[in-house]
Amino acid sequence: MQGFVPTATDGNMATEFHNLQELRHSASLANKIFIQRDYSEGTTCKFQTKFPSELESRIEWTLFEDTVKTLNNYYAEAEKIGGQSYLEGCLACATAYLIFLCMETRYEKVLKKIAKYIQEQNEKIYAPRGLLITDPIERGMRVIEICIYEDRGSSGSSSGSSSVSGSTAR
Amino acid sequence: MKNCEYQQIDPRALTVSPSSAQIHTVKKVQRLRRKWEVFPGKNRFLCDGRFILARQSGVLPLTLGLIIVTCCLFFAFDCPFLVEHLTVFIPVIGGMLFLFVTISLLRTSFTDPGILPRATPDEAADIEKQIDTSGSSTYRPPPRTKEILINQQVVKLKYCFTCKMFRPPRTSHCSLCDNCVERFDHHCPWVGNCVGKRNYRFFYSFIVSLSFLTSFIFGCVITHITLRKYSHSLSRSVCTILVICFFSIWSILGLSGFHTYLVASNLTTNEDIKGSWSSKRGTEDSGNPYSYNSIITNCCATLCGPMPPSLIDRRGFLPPDEAGPAASTSEIELPPFAAKNGTHMVG
C-alpha cells in the first residue's frame, strides 16, 4: 500500500492530488462497489451506511461510516425545507425565476462543499488504502461508487492503463 | 492481406495521404465533444447544450403563437379604448402577466425536468449480480421489482430495462423522451417537454398565470364590448379574442384547479391517474408516504423547496478516449480508415 503515496515529502496538496491521478491512471482496478440509496425516509438523498464486505480488509468500518454519514448530513442540509429555502423560492417566483440565472442556489453551494469534502477524504483516508470514492453527482446521485485498486506489494513499473470494464473482475 | 495492397493504390488514400498526418493532428486538436452530443435520450439541445427540449416539441409553437397573437390583438384593439375610458393600469397589468406567462412557459420548456442519467456499465453489472435470477434462459425476462419501506409503507421499485437501473421512487420512464424522469408528472405536448421534479414549479406558475391572463383579457374584452354597446357588429379581432379566451378559460382553469389539488396533496399526475395511493385496497396500504399531512407544508415543499441540480451535465466535456469511438462513427476519418477501406475494396 505504500506504493500509492510515493514519498510525498513536502506533503502539499499538489503532490497529493498528483498521487490521486497516478492512482487512477497507473494502478490496475480490481473491483468497483456501489453504495445504494436509502429510501426509508422518502425521496431525500441518503445513502446506506451498511458496510460492504469487500471493504472489510481495506478500511475500518468506523471511517467508512463516518464518511457516508457526513455525506448524508450534507445532502440533508441541501434539501432542507425551512426558512431559507422558502425565501429563495418566493424570491425566485417573484422575479419570474430569472434570479436562478444570476444567483447560485443553496443546493449548488452545498454540492461544492461535498466535492471538496470527497476530495479531502480521498487524499487523506482512501487513496493510502488503495480506494477511491467517486462523487455521487457524477453517477446521477444514485450510488456512491468506490473503486478498489489492486494492492501493489512493491512500487515497480505499473502495468498499462486501467481497464474499466467490470467483467475483468468477475 | 490483399487489403493492404489495395489500400496503397486507393485514390482516396492518395488524396488524403499527404495531409494524413495533418488530419491526425487536426483530430487531436479538434474541440472536445460535450456530453450533450452523445446523450442517449430523445432530446434536442439548443445553444450548445444550454437548453434542453424533447425531440417531439409537440405544439409548443402553437402555444406560444396563441398567447402572443391574443395578447397582441388585445393590446392593439382593446387597450387604447380602455385606457381612455378606464385606467392606464390595464395594459400595464396585461403586459406584466404576459411577460410572466411567457417566461414561465420558456423555463418549463427549456429546463431539464429531472432526467436521470443511464447507469454506467459497471453499475448495471453490479445490479444484475444482485438480482436473484433463476439462471435458466428465459425467452422473456420476468419483470424485476424490489420492495422497500418508505415511512413504514411498502413501495415497489421497478427495474428500467432501458436505463438499466432500479427506478427511484416517484420516477417514471417517459417513452416519448426515452428517459427516466424524477418525480415524473406527465409529458406535456403544449410545453414540448416532460414535467418533472425540476420544472414542476415553472409549469405550475405557467398555468396559474395563464389562467389569470386569460381571465383578465376576457374580462377586459367584455368590458370593452359593454362600454361600446356593440349590438350586432362585433369586429373580427374582438371575436377572435373572445373565442380563444372562452375555450382556454375552461380548460386552463380546470387544469390549474387540478394541479392545485395535486400540489396540496403532494401527488403527481402519474400517481393520481394510476391510483397508487388510493384507499381501494384497504386502510393499511393507503396514504401517500410522501405527503407531509399538511396542505401548507405540501405546497411549500413542492413549490418553494430547494432547486435540485441537473444530473445530466449537458455541457461537460467527454474524456478524449470516450469521444474517439463516438466521433469516428460520424466522420469517416482515419482510425478505422484501414478497416473501412478494406471492406470497401473487398465487398
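Being a predicted model, the structure only gives us computed values, none of them experimental. In what follows, every chain begins at residue 1, and chains take the letters A, B, ... in the order their sequences are listed.
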For atom NZ of Lys109(A), decide whether the heavy atoms of other residues, nucleotides or ligands shown that lie under 6.0 angstrom number more than 12.
-> yes

Within residues 136-148 of chain A, the residues sitting under 4.5 Å from chain B by heavy atom, in sequence order, are Ile137(A), Arg139(A), Gly140(A), Met141(A), Arg142(A), Val143(A), Glu145(A)

With sequence neighbours excluded, residues passing ring pair (Phe, Tyr, Trp, His ring centres under 6.0 Å) with Phe39(B) = Phe45(B)

Indicate yes or no: does Asp48(B) engage Arg34(B) in a salt bridge with an N to O separation below 4.0 Å.
-> yes

Select one option (side chain, backbone, both, neither) describing which atoms of Ala78(A) are under 4.5 Å from chain B's heavy atoms.
-> backbone

Exercise: identify the closest heavy-atom pair between Pro168(B) and Tyr39(A) = CB-OH, 3.2 Å

Neighbours of chain A found in residues 298-305 of chain B - heavy atoms under 4.5 Å | Cys300(B), Ala301(B), Cys304(B), Gly305(B)

Chain A contact via Pro117(B) - side chain, backbone, both or neither, heavy atoms under 4.5 Å | both

Residue selection (most heavy-atom pairs with chain A, distance under 4.5 Å) from Pro121(B), Ala119(B), Ser310(B) | Ala119(B)

With only heavy atoms counted, which part of Leu111(A) is less than 4.5 Å from chain B, the side chain, the backbone, both or neither?
-> side chain

Most chain A-contacting option - heavy-atom pairs closer than 4.5 Å, from Thr120(B), Ile312(B), Leu116(B) = Thr120(B)

Report the distance from atom OG1 of Thr108(B) to atom CG of Asn199(B), rounding to the nearest 0.5 Å.
-> 6.0 Å

Taking the six-membered ring for Trp, are Tyr204(B) and Phe202(B) ring centroids under 6.0 Å apart?
-> no

Could you tell me how the ring of Phe110(B) sits relative to the ring of Phe51(B): parallel (under 30°), tilted (30 to 60°) or perpendicular (over 60°)?
-> tilted

Which residue out of Leu99(B), Ile103(B), Thr171(B) racks up the most heavy-atom pairs below 4.5 Å with chain A?
-> Ile103(B)

Where does Leu149(B) contact chain A at under 4.5 Å (heavy atoms): side chain, backbone, both or neither?
-> backbone

Check the pair Arg118(B), Asp178(B) against side chain to side chain contact (heavy atoms under 4.5 Å, CB included), reporting the backbone distance first and the verdict last.
-> CA-CA 11 Å; Arg118(B) 301 198 179 174; Asp178(B) 204 25; 3.2 Å; yes

Part of Pro289(B) within contact of chain A (heavy atom distance under 4.5 Å) | neither

Name the member of Arg170(B), Glu182(B), Met165(B) that forms the most heavy-atom pairs with chain A at distances under 4.5 Å.
-> Met165(B)

So which part of Leu157(B) gets closer than 4.5 Å to some heavy atom of chain A, the side chain, the backbone, both or neither?
-> side chain

Distance flag, aromatic centroids of His259(B) and Tyr200(B), threshold under 6.0 Å | yes

To the nearest 0.5 Å, tell me how far Thr145(B) OG1 sits from Lys158(B) NZ.
-> 9.0 Å

In terms of heavy-atom proximity below 4.5 Å to chain A, should Tyr292(B) be classed as side chain, backbone, both, or neither?
-> side chain

Do Lys112(A) and Glu104(A) meet the salt-bridge criterion of a basic N to acidic O distance under 4.0 Å?
-> yes

Neighbour count above 12 (heavy atom, 6.0 Å) for Ile93(B) CD1 | yes

Check the surroundings of atom OH in Tyr74(A): do more than 12 heavy atoms from other residues, nucleotides or ligands lie under 6.0 Å from it?
-> yes

Relative to chain A, which segment of Arg201(B) carries a heavy atom at a distance below 4.5 Å: side chain, backbone, both, or neither?
-> both

Relative to chain B, which segment of Thr105(A) carries a heavy atom at a distance below 4.5 Å: side chain, backbone, both, or neither?
-> side chain

Pair listing, salt bridge (Lys or Arg N to Asp or Glu O under 4.0 Å) test, anchored in residues 44-54 of chain A, at least two apart | Asp38(A)-Lys46(A), Glu41(A)-Lys46(A)

How long is the gap from CD1 on Ile99(A) to CG on Leu91(A), to the nearest 0.5 Å?
-> 4.0 Å

More than 12 heavy atoms from other groups under 6.0 Å of CE on Met96(B) | no

